[in-house]
Amino acid sequence: MRLSNIISVSALGASGVLAQNATTGKLGDALVVSNNPAGKSVIGTLPTDPFFKAGSLNGNVVGSVKATSGPGGRGVDYEVSFSSLPTEGGNFSFHIHDAPVPTDGNCTGTLAHLDPFIRGEDPVCDSTKPATCQVGDLAGKYGKITSDPYTAKFHDDFTSLVEGVGSYFANRSFVVHFANKTRITCANFAILDSNSTYTPTPSGGVVPTAPGLVPAATSTRPVTAAAGALNIAKHFAVAPVMALLLAL
Ligand SMILES: *[C@@H]1O[C@H](CO)[C@@H](O)[C@H](O)[C@H]1NC(C)=O
Ligand SMILES: *[C@@H]1O[C@H](CO)[C@@H](O)[C@H](O)[C@H]1NC(C)=O
Ligand SMILES: *[C@@H]1O[C@H](CO)[C@@H](O)[C@H](O)[C@H]1NC(C)=O
Ligand SMILES: *[C@@H]1O[C@H](CO)[C@@H](O)[C@H](O)[C@H]1NC(C)=O
Ligand SMILES: *[C@@H]1O[C@H](CO)[C@@H](O)[C@H](O)[C@H]1NC(C)=O
Ligand SMILES: *[C@@H]1O[C@H](CO)[C@@H](O)[C@H](O)[C@H]1NC(C)=O
Ligand SMILES: [Cu+2]
């Protein structure tokens with residue numbers, strides 16, 4: 001009895017659970033996702049009409065959230081862009097929400113933030129401990145929309161592009177809010193052609209066409225299977241190099 005208590009307490013200590021606080025989700029801190037498919041990419045683009053027709057809004061916010069599997073399949077690299085924001089009511093936040101936007105465009109239908117570890121919204125996310133925040137709370141973890149136009153690139157370890165897990169978000173949506181949380185506009189994610197942002201180079205390496213994706217490109221090479229390497233060789237006439245390598 002006593003021995004098993006000692007064992008479980010020290011196990012908790014070793015895993016760091018005792019050091020954590022109330023902001024941690026009911027199911028613990030968000031887990032790092034390490035198996036995102038190389039080159040998989042999704043994008044959500046805001047519609048032409050807003051959900052909340054604020055007086056200070058001319059048309060709708062223009063914007064998108066693009067997400068690509070991170071280096072070595074770890075997490076996701078985001079590129080966000082927003083402009084034509086309302087002239088009052090900022091700073092604006094944006095999050096991944098649980099459900100997709102209904103066909104009538106009603107952002108209320110996107111339900112709550114993506115929160116597979118059941119943390120809840122309060123207290124607010126501590127951006128220095130992103131694992132303790134709601135998985136979908138991108139603005140909380142990586143910054144609110146503080147300018148117009150606003151662009152940002154950031155990496156998140158906790159979102160998944162692998163279907164079947166709670167942190168998967170390609171079938172969900174994102175919402176842009178006023179500072180008072182009123183939902184201004186929202187969009188669904190859609191899967192881009194896999195590997196569409198990557199172009200092989202004659203050196204046999206892989207470079208991104210979009211900026212900010214360099215780590216993903218460099219990490220692609222070590223995990224490239226033999227078949228993939230042969231494919232690159234076929235396309236770029238590095239067969240002699242391959243033959244040399246094989247001969248060694
Ligand atoms: C947890 O909360 C307590 C009381 O608010 C605080 O003293 C402590 O530093 C916190 N621990 C961590 C790991 O944040
Ligand atoms: C993208 O290309 C890499 C390298 O060829 C491959 O391993 C990976 O499975 C591809 N990803 C997708 C999502 O098709
Ligand atoms: C939130 O802020 C916006 C912009 O200032 C305003 O139009 C809206 O009425 C506010 N909503 C609530 C519920 O206060
Ligand atoms: C959006 O949906 C909510 C919940 O279903 C509903 O209460 C609200 O009236 C709808 N808003 C609009 C503008 O249709
Ligand atoms: C918006 O963010 C900027 C930059 O962080 C900050 O200086 C400003 O005080 C914020 N505005 C409001 C209304 O919170
Ligand atoms: C999205 O996908 C996840 C993982 O496969 C699933 O659990 C969830 O129910 C899906 N959500 C919707 C709205 O289809
Ligand atoms: Cu939100």
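One-based numbering, in listed order, for ligands and for the atoms of each. Starting from 1, each residue takes its place in the sequence as its number.
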Exercise for review: Could you please spell out the steps behind the side chain to side chain contact (heavy atoms under 4.5 Å, CB included) verdict for E121 and H95?
Suggested key: CA-CA 12 Å; E121 237 174 276; H95 320 109; over 6 Å; no
Exercise for review: May I ask you to check whether F82 and F94 place their ring centres under 6.0 Å from each other?
Suggested key: yes
Practice item. Taking atom types as modelled, find out whether Y142 and D156 have a side-chain donor-acceptor pair closer than 3.5 angstrom. Key: yes
Check your understanding: Which atoms of ligand 3 are found less than 4.0 Å from any heavy atom of T182?
Key -> 1 (C), 10 (C), 11 (N), 12 (C), 13 (C)
**Study point:** Taking every non-hydrogen atom, the tightest pair across N171 and Y168
**Key:** OD1-CD2, 3.6 Å
Check your understanding: Got a sec, which residues hit side chain to side chain contact (heavy atoms under 4.5 Å, CB included) with D49, two or more places apart in sequence or on another chain?
Key -> none
Check your understanding: What angle sits at the Cu ion (ligand 7) between ND1 of H95 and NE2 of H177, to 10°?
Key -> 100°
Point to revise | Nearest-0.5 Å distance that lies between atom CG in N36 and atom CZ in R74 | key: 11.0 Å
One line per pair, note the atom names and distance for all nitrogen or oxygen contacts under 3.5 Å between ligand 4 and the protein.
unit_1   : atom_1 : unit_2 : atom_2 : d
ligand 4 : 2 (O)  : N106   : OD1    : 3.4
ligand 4 : 2 (O)  : N106   : ND2    : 2.3
ligand 4 : 11 (N) : N106   : ND2    : 3.0
ligand 4 : 14 (O) : N106   : ND2    : 3.4

Exercise for review: State the atom name: nearest N, O or S atom of H97 to the Cu ion (ligand 7).
Suggested key: NE2
Review point. Are any of the side-chain heavy atoms of F154 and K141 separated by less than 4.5 Å?
Key: no
Review point. Any idea which atoms of ligand 3 are less than 4.0 Å away from a heavy-atom of E88?
Key: 4 (C), 5 (O)
Exercise for review: Return yes if some donor-acceptor pair links the side-chain N/O of R172 with the main-chain N/O of D98 below 3.5 Å, else return no.
Suggested key: yes
